[in-house]
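Here the structure comes first, spelled out in structure tokens, and everything after it is commentary.
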Amino acid sequence: MTQSNEPARTPGAPASGETTPSLYGGRGSRRVTVRDIAAAKRRGEKWPMLTAYDAMTAAVFDEAGIPVLLVGDSAGNAHLGYDSTVPVTLDQMVMLAAAVVRGTRRTLVVGDLPFGSYQEGPVQALRNATRLMKEAGVGAVKLEGGERSAEAIDLLVRSGIPVMAHVGLTPQSVNAYGGHPVQGRGDEAAEQLRRDAKAVQDAGAFAVVLELVTAELAAEVTGELAIPTVGIGAGAGCDAQVLVWTDMAGMTDWPGGRKPRFVKEYARLREVLGDAAKAFAEDVVEGGYPAPEHSFR
């Protein structure tokens, strides 16, 4: 299943009849595109984005009307058992992204370029983004970095690959940060974040993730940009919001119970799944499963 890709260096008005009336919960016979994202910014519509790493979960979110799904390298923590996103490989991202594309019909699927797949420069970024587009069928790619990644973004967009940028806290640089500090505090840090956001917009990104940025600064940057901002730990002033789905659904086992301040759990699926596993096990041990209605004659 291959998505329709509509890169736009300067977002313009969609062609007549092509606009999705509403990004969230909309229905239609085609994929959400970057043109739809640009149109939502113009009309002031806020929209949700979630991560997804497999076809079954992606199908649930697609049916729920989530317009954009990010196959994030957060799979390293949430899906693959790593301590960070750094070990995630491009081969893993291609496999996971292809599954998400197969499980969806409407949502725009964005695939992350993992650590080491674009840091060498624009040519490496183009080669690996092309793999995600051709082999997984994603409709866009995401990469981290502001000014330092602008040249790579420019080449990708000129080559027909829509790019979602990511500034503020960039998890692939966790070893350089020495943790997860809030970004944009202080005049110098705030000015750098503004430069980064402007640089990715000028390079042609269709949207930019702002991670762990002070709420006031994120709102100001959102007002200054023509492209939509996607917040995660960046306050309510962004155009869109994203959460890792396992965090959103209460699947994550937080070390020491230290849940990040920006995470809101909308369910407790870890408890539900655990209870179901225990009920199954007890049924087997006590002879209640399989019952006659579960057996063949």
Side-chain angles (χ1 to χ4, degrees), residues 1-3 20-32 47-83 85 87-89 91-112 132 135-139 241-260 263-297:
M1 183 184 299
T2 302
Q3 300 187 78
T20 300
S22 175
L23 278 184
Y24 166 63
R27 295 292 181 267
S29 59
R30 65 168 178 82
R31 293 276 182 178
V32 172
W47 46 275
M49 181 167 82
L50 287 171
T51 65
Y53 316 109
D54 64 85
M56 183 180 295
T57 307
V60 172
F61 297 154
D62 191 52
E63 291 165 9
I66 304 298
V68 183
L69 290 177
L70 170 65
V71 188
D73 58 3
S74 51
N77 312 78
H79 193 67
L80 300 175
Y82 298 134
D83 292 332
T85 66
V88 177
T89 68
D91 285 342
Q92 289 170 330
M93 291 306 305
V94 169
M95 178 189 68
L96 298 175
V100 170
V101 171
R102 288 193 296 268
T104 56
R105 294 181 179 275
R106 175 181 179 266
T107 188
L108 170 65
V109 179
V110 180
D112 246 341
L132 272 174
E135 297 178 30
V138 301
Q241 298 290 333
V242 62
L243 281 176
V244 172
W245 89 259
T246 49
D247 297 348
M248 177 276 298
M251 281 288 288
T252 305
D253 182 24
W254 301 106
R258 296 189 298 273
K259 182 180 69 176
V263 171
K264 181 175 180 179
E265 294 178 336
Y266 289 83
R268 291 297 304 160
L269 289 194
R270 191 179 185 89
E271 295 177 6
V272 172
L273 190 58
D275 289 344
K278 292 174 184 176
F280 163 71
E282 291 168 2
D283 222 10
V284 170
V285 170
E286 296 170 3
Y289 178 83
E293 61 267 29
H294 305 122
S295 303
F296 299 93
R297 291 180 176 81

Go through the structure and list residues passing side-chain hydrogen bond (donor to acceptor under 3.5 Å, both in side chains) with T246, not counting sequence neighbours.
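So T246 forms no side-chain hydrogen bond (donor to acceptor under 3.5 Å, both in side chains) with any residue.
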Tell me, please, which residues at least two apart from D91 pass side-chain hydrogen bond (donor to acceptor under 3.5 Å, both in side chains).
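Result, side-chain hydrogen bond (donor to acceptor under 3.5 Å, both in side chains) vs D91: R131.
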4.5 Å side-chain heavy-atom contact, [X] and [Y]:
| X | Y | answer |
| --- | --- | --- |
| V244 | Y53 | yes |
| W254 | P260 | yes |
| R31 | V109 | yes |
| V71 | V110 | no |
| L69 | T104 | yes |

Euclidean distance, L132 CG relative to M93 CE, rounded to 0.5 Å
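Separation between the atoms: 6.5 Å.
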Atom CG in L23, atom CD1 in I66: separation rounded to 0.5 Å?
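Output value for this atom pair is 11.0 Å.
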Do other residues, nucleotides or ligands put more than 12 heavy atoms under 6.0 Å from K259 NZ?
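Yes, enclosed.
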Between [X] and [Y], what is the shortest heavy-atom contact and its length?
| X | Y | result |
| --- | --- | --- |
| F61 | A52 | CD1-CB, 4.4 Å |
| K264 | L243 | O-CD1, 4.0 Å |
| P67 | T107 | O-OG1, 3.0 Å |
| S74 | T51 | OG-CG2, 3.8 Å |
| A75 | L96 | CB-CD1, 3.6 Å |

Sub-3.5 Å donor-acceptor pair from the side chain of D247 to the main-chain atoms of V263, do we have one?
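No, the answer is negative, given that no donor and acceptor are paired below the 3.5 Å cut-off.
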Distance-only donor-acceptor hits, side chain of residues 266-278, under 3.5 Å, sequence neighbours excluded:
unit_1	atom_1	unit_2	atom_2	d
R268	NE	E271	OE2	3.4
R268	NH1	E265	OE1	2.7
R268	NH1	E265	OE2	3.1
R270	NH1	M251	O	2.8

Could you tell me which residues satisfy side chain to side chain contact (heavy atoms under 4.5 Å, CB included) with T85, sequence neighbours excluded, listed by chain and number?
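Side chain to side chain contact (heavy atoms under 4.5 Å, CB included) check on T85 returns D73, N77, P171, Q172.
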Go through the structure and list residues passing side chain to side chain contact (heavy atoms under 4.5 Å, CB included) with Q92, not counting sequence neighbours.
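Per chain and number, Q92 pairs via side chain to side chain contact (heavy atoms under 4.5 Å, CB included) with L80, Y82, V88, T89.
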Hey, can you pull the donor-acceptor pairs under 3.5 Å for the side chains in residues 284-293, sequence neighbours left out?
none

